[in-house]
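Quick notes on the structure that follows.
From a predicted model like this one, the values you see are computed outputs, not experimental measurements. Within every chain, numbering begins at 1; the chains are lettered A, B, ... in the order of the sequence lines, protein sequences first and strands thereafter.
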Number of protein chains: 2
Amino acid sequence: MTETTKTIDVMPEAVRRFILHWGDMGQNWGVNRSIAQIHALLYISETPLPADVISESLGVARSNVSNSLKELMAFKIVRRVPVAGDRRDHFTAETDVWELARRIAAVRKAREIDPALETLAHCLSDAEGDAGVSDEQRRRLREMHAFTSDMDRWYSQMQALPVRTLTRLVRLGDRIVALLGLAKS
Amino acid sequence: MTETTKTIDVMPEAVRRFILHWGDMGQNWGVNRSIAQIHALLYISETPLPADVISESLGVARSNVSNSLKELMAFKIVRRVPVAGDRRDHFTAETDVWELARRIAAVRKAREIDPALETLAHCLSDAEGDAGVSDEQRRRLREMHAFTSDMDRWYSQMQALPVRTLTRLVRLGDRIVALLGLAKS
DNA sequence: CACATATTTCTGTTATGACAGAAACAACTA
DNA sequence: TAGTTGTTTCTGTCATAACAGAAATATGTG
């Protein structure tokens, strides 16, 4: 490929803007611009793309693309696919947004909730045997631990539901409360 | 206060460890150590503390404490309280963990979902009028927008429920599916 | 095996965020 | 008003993360 055909240049303005904005939004989500842009490009692309095309399209270094793809694959929202007649690996993104969200949630839980739960369990067991800790302080540690444990279980269970069910639950929104008769009592 | 009575030193080991670990865990949550430690200290402290005591207790600069408290107050999980006979502002943390989670979720929604929704709506309206965007691409943008919109609504509605109800919903976990008869169909 | 091509790891640079300490700015009291 | 105490803003330093480009390492193919 001698002449650099920048994919992003031949894309319609609306798509180009999507990729750029998605990259910016990544900041709010704790992912860096490169990763977010690459994900956006693969999400909107109708065909799998090889790493060097991604690199040229977005103007990021080849090595950066490699590392970013690795991370996206760790999130399980991008996967490697073979393309007939091309030795290069091609990559494609998950296009089901609910599945996407679930995968991201799984990683978030692993990063944010699991370590917290472990740490709190440890603090708690220390506190139980420590006369220097007041009853109120012990109570607070216990509450924090119980809450984290609740969230841990809830995430796991929601995670395990089929996307179809999850969609319905979310779409029900607060009507769920009336349906369950939880409002009173 | 000539002699530096470091609060954290007179605290039992279990409590000290909680504060330190909470500070580390903050990294996973996207908050810096100072803020997380200060929050932990206030959460576990049975009495409101003034800024300089916090500063000495944790060994962080007074200015840092000031800024961190400002941010914690922006999250609405720490508040200023007056203490009789002391001119200094004292600070105390929300001790209801569910309320705490709700406040944090509100800020997260404002930072992560609201801007995304706005951006996607914009991209979408661009795409609708752009013949260069394929039907499939338009569909993907629409799906992403619809999903974000669903999450936006869901967050808002859950946010508005009383803590009591929220607790029950979470504790129900996936049993909710059976209760609603959502499993089949 | 030689040679091409694809991918990952390494290294140095740059940009960003966290933070301390100083300075500026209240608000109160004698 | 001068002095005291508490709070915020400013400035410079340091640590970390993002990133490009080069080097090293596969994985082919003739």
Take atom [atom1] of [X] and atom [atom2] of [N], then tell me their distance rounded to the nearest Å.
| X | N | atom1 | atom2 | value |
| --- | --- | --- | --- | --- |
| B/Arg87 | C/dA26 | CZ | C1' | 11 Å |
| B/Ile38 | D/dT7 | CD1 | C1' | 14 Å |
| B/Arg88 | D/dT4 | CZ | P | 18 Å |
| B/Glu56 | C/dA20 | CD | C1' | 15 Å |
| A/Arg33 | D/dC19 | CZ | C1' | 10 Å |
| B/Leu69 | C/dC19 | CG | P | 14 Å |
| B/Leu49 | D/dG6 | CG | P | 15 Å |
| B/Phe91 | D/dT8 | CZ | P | 7 Å |

Q. When the ring planes of A/Trp98 and B/Phe147 are compared, do they come out parallel, tilted or perpendicular, using 30° and 60° as the limits?
A.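 Judged by the thresholds at 30° and 60°, the geometry between A/Trp98 and B/Phe147 is perpendicular.
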Q: Indicate the ring-plane relationship of A/His21 and B/His122, choosing parallel, tilted or perpendicular according to the 30° and 60° boundaries.
A: tilted
Q: Compare side-chain N and O positions of B/Ser34 against OP1 and OP2 of C/dA18 and report whether any pair is under 4.0 Å apart.
A: no
(Q) Measuring to OP1 and OP2 of D/dT7, would you say a side-chain N or O of B/Arg62 lies under 4.0 angstrom away? (A) yes
Q. Any Lys/Arg nitrogen of A/Arg171 or B/Asp150 sitting under 4.0 Å from an Asp/Glu carboxylate oxygen of the other?
A.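 Here A/Arg171 pairs with B/Asp150 in a salt bridge, since their nearest N and O are under 4.0 Å apart.
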Would you check if the side chain of [X] reaches a backbone N or O of [Y] as a donor-acceptor pair within less than 3.5 Å?
| X | Y | result |
| --- | --- | --- |
| B/Arg102 | B/Leu161 | yes |
| B/Arg103 | B/Lys76 | yes |
| B/Gln157 | A/Asp174 | yes |

Using a cut-off of under 3.5 Å, enumerate the N/O to N/O pairs linking the protein to nucleotides 9-17 of chain D.
| unit_1 | atom_1 | unit_2 | atom_2 | d |
| --- | --- | --- | --- | --- |
| D/dT9 | OP2 | B/Lys70 | NZ | 2.6 |

For the side chain of [X], counting heavy atoms from C-beta on, which of [options] is nearest?
| X | options | answer |
| --- | --- | --- |
| B/Asp89 | D/dT27, D/dT7, C/dA27 | D/dT7 |
| B/Ala51 | D/dT7, C/dA20, D/dG28 | D/dT7 |
| B/Arg80 | D/dG6, C/dA20, D/dT8 | D/dT8 |

(Q) Please compare B/Asp86 and A/Ile35 by the position of their nearest nucleotide in DNA chain D and report the one closer to 5'. (A)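 Its nucleotide being nearer the 5' end, the pick is B/Asp86.
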Q. Among all residues two or more places apart in sequence or in another chain, which pass the side chain to side chain contact (heavy atoms under 4.5 Å, CB included) test with A/Arg33?
A.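 Testing A/Arg33 for side chain to side chain contact (heavy atoms under 4.5 Å, CB included), a comparison that skips the adjacent residues, returns A/Asp24, A/Gln27, A/Gln37.
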